[in-house]
Each structure stands twice: as C-alpha cells, then as structure tokens.
Amino acid sequence: MANFALIMTVLLALSVLCSVAFRALFALAINADCRARGMASTAYTVLSVFFPVITGIVYAIKRNKNVSTQSLVKKSIVFFVIAAIFFAGSTATFAASRAVAKKVNSEISEPLEISDEEAQKIADKALEEFAKNNGDTGSITEGLRYYDRDGKAYDSPDKVPFYDRDGNVYHYITDEQVRIFFENEKTGEKLESEKCFVDAHGYFVYDKNGELTFDSDFLTATDSDGNKYSPAALVIWNSDGKMISAIE
C-alpha cells in the first residue's frame with residue numbers, strides 16, 4: 001500500500017510540474033507569435049498563463065495574418081510543440097495517478113476516496129520535498145498565484161471571488177466538457193460565461209438580456225451608454241488589486 005501511495009504522489013507531482021511548464025511555454029509561444037506579427041503582446045501573454053485555452057482561441061481568431069519576423073514564428077512553433085508535449089504529460093500523469101488510486105480502492109475493504117483538495121495537498125507536499133532536494137521552486141509556484149479585486153491571493157482561479165454591485169459572489173467553474181460557467185456562491189446558479197462580464201470598476205455583470213455588444217476585437221463589449229466591459233473569463237487582478245484586462 002505504501003508503494004502505491006508513493007507512486008501516486010510522484011505522478012501527481014509530475015502532473016503539477018508539467019502543467020506549470022505547459023503554461024509558461026504556451027505564454028512564451030503566444031508572446032513570440034505576437035511580436036512576429038507586430039501585435040501588442042503583454043495582454044495576450046499574461047492572460048495565456050492563467051487561461052491558456054480561452055486566450056489561445058481568441059488569439060487564433062484575432063491575430064494578424066502578415067508576418068514581419070519569420071525567425072520569431074519558428075521560435076513560436078517550437079514553444080507550441082514543447083508546450084503540447086508538457087500538456088500531454090500533465091494529462092497522462094494525472095490520469096495515471098487516478099488509475100493508481102482506483103486500483104488501491106479495489107484492493108482494500110473500504111474504498112479510498114481522494115478529493116481534489118487532498119490531491120492538491122499531496123502534490124504541494126511533493127513539491128516541497130522536491131524543493132528540498134533540488135532547489136527552490138518558489139519562483140515557479142509564486143507565478144501561479146491568483147488574486148481578487150482586493151489583492152487577496154488564491155492558489156487556483158476557481159477560488160477567486162467575483163462580486164456584483166448587490167454583494168453576490170460568483171466563482172469561475174468548468175464542467176466535464178470544459179465549458180466555462182460562473183456559479184453563484186449562495187444559490188448555486190450557473191451562468192454562461194459568454195454573458196458574464198466585469199465592468200471598468202471591477203464589478204461582475206451578468207448580461208441576461210443580451211444588452212452588451214462585443215467590440216471588433218472580441219476582447220471588450222460596450223453597452224448603449226458607451227460603457228466598456230471585459231469578459232469575466234479573461235479578467236485577472238494583480239497583487240495590488242489592479243484589474244488586468246482588455247479594458248486597460
């Protein structure tokens with residue numbers, strides 16, 4: 001049983017490290033491709049670290065077709081390929097760890113249930129052990145902190161609260177089909193991410209009646225009074241509580 005626990009811990013640690021590497025390489029790929037096409041790279045680079053899938057889709061639609069620096073395009077392709085390898089590694093090792101847990105469950109009289117929170121604790125402990133033996137990993141994990149509008153830090157985006165002007169709290173969630181929703185913390189109601197925005201003051205807004213219109217860049221929306229909004233799924237805050245989004 002101890003051997004199974006060790007194997008699962010190692011697999012989870014590898015999954016976390018591969019995920020960190022994937023996000024970093026994906027951001028480098030986006031940055032290089034932006035510069036190759038003469039586009040502003042800062043917003044895309046930052047957002048691709050926290051929301052790689054959404055940012056990648058938006059960027060693929062909006063990127064310039066004309067290439068000014070071919071060498072940067074080649075560098076971007078290399079980064080994308082390596083990032084894809086690490087993404088596959090993260091997925092495979094996480095799946096393998098769940099398979100090991102399932103095998104352990106089948107071999108003991110009482111099923112062993114491991115929640116996502118417990119799995120994260122195991123992975124964090126493994127990273128601590130890795131840091132002791134191989135050097136400090138703080139610079140890696142610190143870069144993946146998520147903040148709310150008050151500058152409070154969280155270790156995952158689904159824990160970051162979004163507040164509307166009525167005091168309701170919402171959280172970013174995904175379902176099994178990787179569809180994105182924002183869930184009302186009190187009622188449990190799930191709102192489609194396509195209708196969820198954040199205004200220039202940092203308040204969550206649900207466009208229930210479709211009153212907002214996306215601008216040509218698809219990174220901002222405007223209401224009838226000319227006020228600007230950013231898609232909530234693309235909004236992050238820094239440690240000072242300053243919103244980083246397409247509105248800036």
Side-chain angles (χ1 to χ4, degrees), residues 19 22-23 26-27 30 43-62 87 91 94 115-117 119-120 143-248:
S19 177
F22 160 69
R23 289 169 181 264
F26 189 81
I30 291 291
Y44 281 115
T45 301
V46 173
L47 291 172
S48 64
V49 172
F50 297 97
F51 309 103
V53 176
I54 298 174
T55 306
I57 293 172
V58 172
Y59 178 71
I61 295 173
K62 298 302 298 178
F87 178 77
T91 303
F94 182 77
S115 65
D116 291 338
E117 183 178 352
Q120 184 63 51
L144 292 178
R145 290 296 181 187
Y146 303 83
Y147 301 91
D148 63 13
R149 58 178 301 192
D150 297 321
K152 183 178 179 181
Y154 302 84
D155 58 11
S156 64
D158 59 311
K159 295 181 181 179
V160 176
F162 287 73
Y163 305 95
D164 66 15
R165 291 182 180 273
D166 296 324
N168 297 307
V169 181
Y170 301 85
H171 291 277
Y172 168 99
I173 64 170
T174 57
D175 63 10
E176 294 179 353
Q177 285 74 46
V178 200
R179 293 177 300 180
I180 301 172
F181 297 90
F182 281 84
E183 184 176 51
N184 185 305
E185 184 178 81
K186 184 177 181 180
T187 66
E189 181 183 8
K190 295 181 176 62
L191 308 177
E192 312 95 315
S193 65
E194 297 83 3
K195 296 182 179 182
C196 297
F197 297 85
V198 173
D199 65 21
H201 301 288
Y203 286 104
F204 181 88
V205 175
Y206 178 53
D207 184 28
K208 182 178 181 180
N209 299 320
E211 298 175 355
L212 303 183
T213 302
F214 270 104
D215 299 332
S216 59
D217 60 4
F218 289 99
L219 295 176
T220 55
T222 307
D223 63 17
S224 57
D225 295 323
N227 298 309
K228 294 289 185 178
Y229 301 79
S230 276
L234 296 179
V235 170
I236 57 176
W237 287 271
N238 64 17
S239 59
D240 295 323
K242 180 181 178 181
M243 187 168 68
I244 301 173
S245 73
I247 288 181
E248 294 185 309

query: Aromatic rings Phe51 and Tyr172: how do their planes relate, parallel, tilted or perpendicular, breaks at 30° and 60°?
result: tilted
- request: Give me the ring orientation class for Phe162 and Phe204: parallel if the planes are under 30° apart, tilted from 30 to 60°, perpendicular past 60°.
  value: perpendicular
A side-chain contact here means heavy atoms from C-beta on lying under 4.5 Å apart; do [X] and [Y] qualify?
X	Y	result
Asp199	Arg165	yes
Tyr163	Val169	yes
Thr222	Thr213	no
Glu192	Tyr206	yes
Thr55	Leu234	yes
His171	Glu185	yes

query: Which atom names give the shortest non-hydrogen contact between Asp155 and Lys159, and what distance separates them?
result: OD1-NZ, 3.0 Å
message: Would the distance check show the side chain of Ser193 and the main-chain N or O of Ala233 forming a donor-acceptor pair, the cut-off being under 3.5 Å?
response: no
- request: Kindly say whether the aromatic ring centers of Phe214 and Phe197 come within a distance under 6.0 Å.
  value: yes
query: In Å, rounded to the nearest 0.5 Å, how long is the span from OH of Tyr170 to CD of Glu189?
result: 7.0 Å
